[in-house]
Asker: 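Provided herewith is a single structure, encoded as structure tokens, for subsequent inquiry.
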Amino acid sequence: MTDVARRARIRAVVRRIPRGRVATYGQVAELAGLPGQARQVGYAMAALDVDSRVPWHRVINARGAISLPSADHSALIQRARLEAEGIVFEGDRVSLDRFRWRPRAAR
DNA sequence: CGAATGACTCCTT
DNA sequence: CAAGGAGCCATTC
């Protein structure tokens, strides 16, 4: 699969994450048909524009935390957007039990 | 081309 | 909870 196709599939999965829900990098990788390649998802997110129509802010790491230095501007934008959608942070993380996106088989 | 890098994750100390 | 290591693989040097 080409690089372009791979990133397109990753973006397609991220676009399906609904408001008020989050998904982990590993989860996105899996749904995109790239199991075990969570890093590539992070890479694809980094390549997006901050104002991209792809909801990159709904993608967080397996600990439920934002995978960017807390001082990073993008990290602040990400947290603000998530809280604006109703996601609650407990310290520096989100309860995946409560907010993780659970996609239905087919849609 | 080899080595380092990194918006990751899992497992072990 | 903190650290370290291994697996992962596109990208950059």
Side-chain angles (χ1 to χ4, degrees):
Chain A
M1 127 149 44
T2 69
D3 299 353
V4 180
R6 175 168 39 71
R7 286 209 288 266
R9 294 177 64 155
I10 290 173
R11 287 197 302 271
V13 170
V14 175
R15 275 196 298 268
R16 290 172 48 205
I17 307 172
R19 279 180 57 90
R21 301 256 110 188
V22 297
T24 66
Y25 293 95
Q27 184 183 354
V28 172
E30 184 115 5
L31 291 170
L34 304 167
Q37 296 183 53
R39 302 189 74 127
Q40 313 322 314
V41 176
Y43 223 146
M45 295 301 97
L48 293 176
D49 187 89
V50 183
D51 294 314
S52 165
R53 292 192 304 289
V54 177
W56 56 270
H57 58 280
R58 302 192 183 123
V59 183
I60 60 182
N61 65 36
R63 295 177 32 250
I66 288 174
S67 273
L68 284 171
S70 53
D72 194 299
H73 179 60
S74 296
L76 300 179
I77 299 287
Q78 181 168 19
R79 177 160 177 155
R81 287 184 180 173
L82 290 177
E83 294 185 319
E85 295 184 353
I87 288 177
V88 180
F89 278 76
E90 296 162 7
D92 68 338
R93 52 168 121 179
V94 166
S95 164
L96 291 178
D97 282 346
R98 292 171 57 196
F99 301 108
R100 205 192 92 227
W101 173 43
R102 293 178 183 70
R104 294 291 194 81
R107 159 92 61 144

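Chain letters run A, B, ... following the sequence lines, proteins first and then strands; every chain starts at 1. The structure displayed is predicted, hence computed values, not measured ones.
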Asker: Can you tell me which nucleotide in B:dC8, C:dC1, B:dA7 comes closest to the side chain of A:Arg93?
Answerer: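 The answer is C:dC1.
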Asker: Using atom CE of A:Met45 as one end and atom P of B:dT9 as the other, report the distance to the nearest whole Å.
Answerer: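 Computing the A:Met45:CE to B:dT9:P distance gives 12 Å.
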Asker: Distance check needed: C:dC8 P versus A:Asn61 CG, whole Å only.
Answerer: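 One finds 20 Å between P of C:dC8 and CG of A:Asn61, rounded.
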Asker: Counting the atoms with a prime plus P, OP1 and OP2 as sugar-phosphate, which does A:Ala62 contact under 4.0 Å by heavy atoms, base, sugar-phosphate, or nothing?
Answerer: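 Counting heavy atoms under 4.0 Å across all strands, the contact made by A:Ala62 is with sugar-phosphate only.
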Asker: Mind calculating the distance between OH (A:Tyr25) and P (B:dC10) to the nearest angstrom?
Answerer: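 My rounded result for the distance is 14 Å.
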Asker: Do A:Ile17 and A:Ile60 sit in the same hydrophobic cluster, where Ile, Leu, Val, Met, Phe, Trp and Tyr count as joined when their side-chain heavy atoms come under 4.5 Å apart?
Answerer: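 Different clusters.
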Asker: Within the structure, does a side-chain N or O atom of A:Arg7 lie under 4.0 Å from either OP1 or OP2 of C:dT11?
Answerer: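 For C:dT11, OP1 or OP2 has a side-chain N or O of A:Arg7 closer than 4.0 Å.
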Asker: Can any side-chain N or O of A:Gln78 pair as donor or acceptor with the backbone N or O of A:Val59 at less than 3.5 Å?
Answerer: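 Side chain of A:Gln78 to backbone of A:Val59: a pair is present.
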Asker: Tell me whether A:Ile87 shares a hydrophobic cluster with A:Tyr25, the cluster being built from Ile, Leu, Val, Met, Phe, Trp, Tyr side chains joined at under 4.5 Å.
Answerer: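 In one cluster: no.
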Asker: Between B:dC10 atom P and A:Leu96 atom CG, what is the distance in whole Å?
Answerer: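 Those two atoms, CG and P, are 11 Å apart.
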Asker: Rounded to whole angstrom units, what separation is found between the CZ atom of A:Arg11 and the C1' atom of B:dA7?
Answerer: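 Those two atoms, CZ and C1', are 16 Å apart.
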Asker: Should the pair A:Arg11-A:Asp49 be classified as a salt bridge under the 4.0 Å nitrogen-to-oxygen rule?
Answerer: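 No salt bridge links A:Arg11 with A:Asp49.
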Asker: What does A:Thr24 touch in the nucleic acid at a heavy-atom separation under 4.0 angstrom: a base, only the sugar-phosphate, or nothing?
Answerer: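 Sugar-phosphate, backbone atoms only, no base.
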Asker: Atom NE2 of A:His57 to atom C1' of B:dA7: distance rounded to whole Å?
Answerer: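 Nearest whole value for this atom pair: 14 Å.
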Asker: Starting the side chain at C-beta, find the nucleotide from B:dC8, C:dT12, B:dA7 nearest to A:Tyr43.
Answerer: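 Of B:dC8, C:dT12, B:dA7, C:dT12 is nearest to the side chain of A:Tyr43.
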Asker: Calculate the interatomic distance between A:Leu34 atom CG and B:dT9 atom C1'; express it in whole Å.
Answerer: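 Taking atom C1' of B:dT9 as the reference, CG of A:Leu34 is at 15 Å.
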Asker: In whole angstrom, what separates A:Gln37's CD from C:dT11's C1'?
Answerer: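 Atom-to-atom, A:Gln37 to C:dT11, this comes out as 14 Å.
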Asker: Is A:Trp56 close to A:Ile77 at the side-chain level, that is, under 4.5 Å between some pair of heavy atoms?
Answerer: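 Yes, their side chains come closer than 4.5 Å.
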Asker: State which of C:dT11, B:dT9, C:dC9 makes the closest approach to the side chain of A:Arg6.
Answerer: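 Between C:dT11, B:dT9, C:dC9, the one nearest the side chain of A:Arg6 would be C:dT11.
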Asker: With sugar-phosphate meaning primed atoms plus P, OP1 and OP2, does A:Gln40 contact a base, only sugar-phosphate, or nothing at under 4.0 Å between heavy atoms?
Answerer: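 Base contact - A:Gln40 has a heavy atom under 4.0 Å of at least one base atom.
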Asker: At 4.0 Å (heavy atoms only), tell me whether A:Asp3 reaches a base, stays on the sugar-phosphate, or touches nothing.
Answerer: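 Here A:Asp3 touches the backbone only, sparing every base.
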